[in-house]
Amino acid sequence: MTQGKFIALLWIFIAVIISAYYGWLMPVGNRFVTLPIILAFSVVGILGSYGVAWFGIRVNTFANSRTAFAGLRGKPYPCYAIPLKAGMSIGMLLISVELLIMLAILLFIQPLMPDPALSASPSENPSAPRPCVSPAASSPRSPTSAPI
């Protein structure tokens, strides 16, 4: 709970900085739409990290007690294997949570916020990315200029 209070207070400072940057210094699109989305996903990321940390503390406490009892029995292999398995389960949860969040972002947010640089034509937006085509590749080749 103490860690959660600290992270909530830290997020307030981070939210002020995010709001100043994306709302005032460098607004992205309509700031009344994009800024709440950015702040909401910062909360989602922090809550995901908090959940993984909570799970890690529980698994680590359980693994420590099992390792201690295995050490009292004088068995060397469980003293090595139990913490290794606990660490792998925490790592798998972390990867799974992050992949689930990224999947949700790709499935639900992308259609709502199209990239204006990619949708504009080069005459409308001169800073839009252009395809890389060399002059030689765009001109038709004659049969005599074919590579050997």
Side-chain angles (χ1 to χ4, degrees), residues 1-138 147-148:
M1 294 304 280
T2 303
Q3 181 185 9
K5 291 176 191 175
F6 173 73
I7 290 174
L9 181 65
L10 185 63
W11 181 82
I12 292 172
F13 290 118
I14 292 170
V16 168
I17 293 169
I18 288 173
S19 299
Y21 184 76
Y22 287 111
W24 181 58
L25 292 175
M26 186 70 81
V28 179
N30 183 358
R31 72 180 80 174
F32 299 110
V33 174
T34 56
L35 187 58
I37 291 173
I38 292 169
L39 290 173
F41 275 99
S42 71
V43 170
V44 168
I46 288 172
L47 289 177
S49 298
Y50 183 76
V52 169
W54 174 84
F55 177 75
I57 290 169
R58 298 294 176 248
V59 169
N60 191 29
T61 302
F62 183 66
N64 285 346
S65 65
R66 288 185 61 213
T67 305
F69 282 113
L72 289 174
R73 287 192 299 265
K75 297 183 177 185
Y77 180 73
C79 292
Y80 161 77
I82 292 171
L84 186 64
K85 289 178 184 177
M88 284 190 280
S89 67
I90 295 168
M92 286 302 296
L93 177 76
L94 174 64
I95 291 169
S96 300
V97 166
E98 295 298 327
L99 287 175
L100 187 65
I101 291 172
M102 284 190 282
L103 181 65
I105 291 170
L106 288 174
L107 288 175
F108 300 113
I109 296 301
Q110 185 62 24
L112 298 177
M113 297 178 56
D115 189 0
L118 296 176
S119 62
S121 67
S123 62
E124 294 172 11
N125 187 357
S127 65
R130 294 181 179 83
C132 295
V133 178
S134 66
S138 62
I148 297 176

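Just so you know, residue 1 is the first one in the sequence shown, and it goes up from there. Every heavy atom of this structure was used, including side-chain atoms; hydrogens, water molecules and symmetry mates were not.
With values rounded to the nearest 0.5 angstrom, Leu47 atom CG is found 9.0 Å from Ile7 atom CD1. To the nearest 0.5 angstrom, Phe13 atom CZ is 5.0 Å from Leu9 atom CG. Atom CD1 of residue Ile46 and atom CZ of residue Phe41 lie 13.5 Å apart, to the nearest 0.5 angstrom. The line from OG of Ser19 to CG of Leu25 is 11.0 Å long, rounded to the nearest 0.5 Å. From Leu103, atom CG reaches atom CG of Leu107 across 4.5 Å, with rounding to the nearest 0.5 Å.
Scanning all heavy atoms of the two residues, the minimum distance from Ala70 to Ile82 falls at CB-CD1, 4.3 Å. Taking each heavy atom of Arg31 and Tyr22 in turn, the nearest pair found is CB-O, 4.3 Å.
In this structure the side chain of Ile14 never reaches within 4.5 angstrom of the side chain of Ser42, judged on heavy atoms. Using a 4.5 Å cut-off on side-chain heavy atoms (C-beta onward), Ile18 and Leu35 make contact. Two residues are said to be in side-chain contact when any heavy atoms from C-beta on lie closer than 4.5 Å; Val43 and Trp11 meet this criterion. Under the 4.5 Å side-chain criterion, counting only non-hydrogen atoms from C-beta, Phe69 is in contact with Arg73.
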